[in-house]
Amino acid sequence: DAKTTQPPSMDCAEGRAANLPCNHSTISGNEYVYWYRQIHSQGPQYIIHGLKNNETNEMASLIITEDRKSSTLILPHATLRDTAVYYCIVTSGTNNLFFGTGTRLTVIP
Amino acid sequence: DTEVTQTPKHLVMGMTNKKSLKCEQHMGHRAMYWYKQKAKKPPELMFVYSYEKLSINESVPSRFSPECPNSSLLNLHLHALQPEDSALYLCASSHYAVGRVGSYNEQFFGPGTRLTVL
């Protein structure tokens with residue numbers, strides 16, 4: 001599975017959009033981009049995934065560049081409850097999630 | 001029911017003890033997983049079960065012994081652990097079995113068991 005690179009930490013003002021970047025320059029054609037988050041002392045929670053098209057669900061939007069070498073997770077209106085570590089994971093669709101170090105997002109009141 | 005439950009929430013054990021962690025899901029998922037998470041580190045995959053058979057062991061020491069008695073239950077038996085094994089142990093499940101390339105496999109995680117080995 002391709003490796004991902006994320007900034008270690010980011011801050012976002014409450015009510016503003018949080019844009020979390022992820023680089024995955026070695027991604028191959030059959031690999032998906034998944035995003036999970038882990039709120040303190042809880043298990044990770046699935047957010048969204050995509051292959052090459054942009055995706056949106058009730059939690060977030062995922063923007064994947066045309067060359068698929070990077071992506072951005074967008075939380076449109078961040079709340080204090082969105083403070084968490086966000087993991088970008090690239091996988092071929094098998095069940096093996098290999099978590100990187102993630103981005104610690106802090107939403108500031 | 002989209003919940004994965006884990007018991008106990010906390011466990012303290014000595015290095016000579018034998019204990020077990022339990023995980024349960026009733027979503028009809030056919031793949032279940034154990035992860036280990038040390039403080040301030042990301043989760044690390046330990047084992048994958050597919051259709052109640054062990055399909056992946058990520059070079060985990062034999063003092064950790066997984067068991068899948070049925071499609072809803074996953075156990076992790078612990079014996080002769082070391083203090084460095086103290087961690088949060090997470091269980092997860094997903095719909096599809098290993099090998100469904102091209103499919104997405106959202107994993108549902110339990111809250112974890114926080115293990116302390118003295």
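Each chain gets a letter, A, B and so on, in the order the sequences are listed, and its residues count up from 1.
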Would you say A:T103 and A:Y87 make side-chain contact, with heavy atoms under 4.5 Å?
-> no
Please check if atom NZ in B:K38 has more than 12 non-hydrogen atoms from other residues, nucleotides or ligands closer than 6.0 Å.
-> yes
Could you look at B:Q37 and say if it's the side chain, the backbone, both or neither that has a heavy atom under 4.5 Å from chain A?
-> side chain
Supply the atom-to-atom distance A:R37 CZ to A:Q45 CD, rounded to the nearest 0.5 angstrom.
-> 4.5 Å
Inter-residue atom distance B:K40.NZ - A:R104.CZ, 0.5 Å rounding = 6.5 Å
Under 4.5 Å from any heavy atom of chain A - which part of B:K41 = backbone
With only heavy atoms counted, which part of B:E44 is less than 4.5 Å from chain A, the side chain, the backbone, both or neither?
-> neither
Tell me, for B:P111 versus chain A, whether the close heavy atoms (under 4.5 Å) come from the side chain, the backbone, both or neither.
-> backbone
